[in-house]
There are 2 protein chains.
Amino acid sequence: MTDLRADPVAELANELRTAVGRASRRIRAERGAAGLSDPQFTVLAWLDVRGPMTPGQLAEAERIQPPSMTRTVNGLVELGLVRKDEHPSDGRQVVVSLTPAGAAEVRETRHRRDVWLTGLLAAMTEAERAQLAAAVTLLHRVAAS
Amino acid sequence: MTDLRADPVAELANELRTAVGRASRRIRAERGAAGLSDPQFTVLAWLDVRGPMTPGQLAEAERIQPPSMTRTVNGLVELGLVRKDEHPSDGRQVVVSLTPAGAAEVRETRHRRDVWLTGLLAAMTEAERAQLAAAVTLLHRVAAS
DNA sequence: TATTGTTATACTCTATAACTATA
DNA sequence: TATAGTTATAGAGTATAACAATA
């Protein structure tokens, strides 16, 4: 990585990529007891935050292809966690929304996943937590690029 | 997420988990032209950093089960990027090491992945890059916990 | 014609269980 | 007996290509 060391910005890119990858894998390793997979949970989280969405919107949000989202959504339907309804004015579209069970599940799963991370953050200093909070905004910018 | 809003630390955990997950997915979406998958590249990266490792060590490093790593390593062997040799003193173990082609490939792939992120970081302010650099250390601490 | 979603099919990554070889 | 690795098998997630329904 000789060329990276020559450019501080490229070196930061390398370090950030590694750190984000490692942290992401570690966080995802903390699965909820409900047994929901990461993609399944993410769909519930989107619906919880943005309300009812179409499969196409969900696929775009997760940057996956529509057929993949169809599969994930259908799995959640079978679990009774989401509902598929006809779009009121466009017969081509489908509206996916949380069922009461899905709304409860997303809250519980998110809570279980956050418990571990919350405990970790609580052990940090206030200054360190502030650094991470600042990074959150920048990481979102990275993700949106 | 009523309970999260009541605790600033838990709220930060929730935001950090989301931001890290999104950034990680976005970064991984930048694949090298060589077509290596993320697990394949990660194994090459481990070998590049730590030198020869056994499949068991690689599995532990990536927090996956040994059979999964066997598959990934075998794929890399077929590509001519790593080599499997007998352990000098323990006949049960196998030593996986980079071939010259693998060493070149890991450098090139890593470089291609970093190009995109470097361009993004170059567009940020120096202060923002400093924030991310500070976060790198903390993210490593998260990953190691 | 263009858009939305699904079905069909295949590939990758992962896991658990059972097996082989060696310590 | 315990350990390291593999093989067998299965499940989940993703993709592309082709199709159906609707705008």
Side-chain angles (χ1 to χ4, degrees), chain A residues 21 24-26 28-32 34-47 52-79 81-97 109, chain B residues 21-22 24-32 34-47 52-79 81-97 109:
Chain A
S24 175
R25 283 195 297 276
R26 181 63 188 88
R28 274 184 289 127
E30 291 294 318
R31 299 272 159 123
L36 282 188
S37 70
D38 200 64
Q40 285 175 323
F41 170 72
T42 306
V43 166
L44 295 186
W46 275 115
L47 297 174
M53 299 170 68
T54 68
Q57 289 173 324
L58 287 167
E60 185 182 3
E62 285 305 300
R63 296 172 178 271
I64 63 176
Q65 297 304 307
S68 302
M69 185 52 73
T70 291
R71 187 171 190 157
T72 297
V73 167
N74 286 345
L76 291 170
V77 169
E78 289 181 10
L79 292 171
L81 301 177
V82 304
R83 188 176 60 235
K84 291 166 79 172
D85 296 300
E86 295 177 1
H87 190 280
S89 62
D90 188 337
R92 299 171 302 182
Q93 297 188 43
V94 170
V95 178
V96 183
S97 55
T109 301
Chain B
R22 287 190 65 204
S24 176
R25 284 196 297 275
R26 182 64 188 88
I27 290 170
R28 274 183 288 127
E30 292 294 318
R31 299 275 159 121
L36 284 188
S37 69
D38 200 65
Q40 286 176 324
F41 171 72
T42 306
V43 166
L44 294 187
W46 275 116
L47 297 175
M53 298 170 69
T54 67
Q57 288 173 325
L58 287 167
E60 185 182 4
E62 285 306 299
R63 295 171 178 271
I64 65 176
Q65 296 303 308
S68 302
M69 186 52 72
T70 291
R71 185 169 193 161
T72 297
V73 168
N74 286 345
L76 291 170
V77 169
E78 290 181 9
L79 292 171
L81 301 177
V82 305
R83 186 177 62 235
K84 291 166 80 172
D85 296 299
E86 295 178 0
H87 191 280
S89 61
D90 188 338
R92 299 171 302 182
Q93 296 188 46
V94 171
V95 178
V96 183
S97 54
T109 301

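As a basis for the values below, the full set of heavy atoms in this structure was taken, side chains included, without hydrogen atoms, waters or symmetry mates. In what follows, every chain begins at residue 1, and chains take the letters A, B, ... in the order their sequences are listed.
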Atom [atom1] of [X] and atom [atom2] of [N]: how far apart are they, to the nearest Å?
X     : N      : atom1 : atom2 : value
B:F41 : C:dT12 : CZ    : C1'   : 18 Å
B:L58 : D:dA4  : CG    : P     : 14 Å
A:Q57 : C:dG5  : CD    : C1'   : 13 Å
A:E78 : D:dG11 : CD    : P     : 14 Å
B:L76 : C:dC13 : CG    : C1'   : 13 Å
B:Q40 : C:dC11 : CD    : C1'   : 12 Å
B:E60 : D:dT3  : CD    : P     : 14 Å
B:D38 : D:dT14 : CG    : C1'   : 14 Å

At under 4.0 Å, does any side-chain N or O of A:K84 touch on OP1 or OP2 of C:dT4?
no
Side chain of A:T70 (C-beta onward), nearest among C:dC13, D:dG13, C:dT7
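That would be C:dT7.
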Can you list everything that forms a side chain to side chain contact (heavy atoms under 4.5 Å, CB included) with B:E60? Sequence neighbours excluded, please.
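Counting only residues at least two positions away or on another chain, B:E60 forms no side chain to side chain contact (heavy atoms under 4.5 Å, CB included).
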Only counting residues at least two apart or in another chain, list the ones meeting side chain to side chain contact (heavy atoms under 4.5 Å, CB included) with A:P52.
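Here the qualifying residues are A:V95, A:S97.
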Nucleic acid footprint by protein, nucleotides 14-23 of chain C - heavy-atom cut-off 4.0 Å, B for base, S for sugar-phosphate alone
BBBB----BS
Report all side-chain donor-acceptor pairs from residues 68-76 of chain B shorter than 3.5 Å, counting only partners two or more places apart or in another chain.
{"from": "B:T70", "atom 1": "OG1", "to": "B:P66", "atom 2": "O", "distance (Å)": "3.3"}
{"from": "B:T72", "atom 1": "OG1", "to": "B:S68", "atom 2": "O", "distance (Å)": "3.3"}
{"from": "B:N74", "atom 1": "OD1", "to": "B:K84", "atom 2": "NZ", "distance (Å)": "2.8"}
{"from": "B:N74", "atom 1": "ND2", "to": "B:T70", "atom 2": "O", "distance (Å)": "3.3"}

Hey, does B:L44 have a side-chain heavy atom less than 4.5 Å from the side chain of B:L81?
yes
CA sep, side-chain torsions, deciding dist, call: A:Q57, A:W46, side chain to side chain donor-acceptor pair (under 3.5 Å):
CA-CA 10 Å; A:Q57 289 173 324; A:W46 275 115; over 6 Å; no
Listed partners of A:D90 passing side-chain hydrogen bond (donor to acceptor under 3.5 Å, both in side chains), at least two apart
A:R92, A:Q93
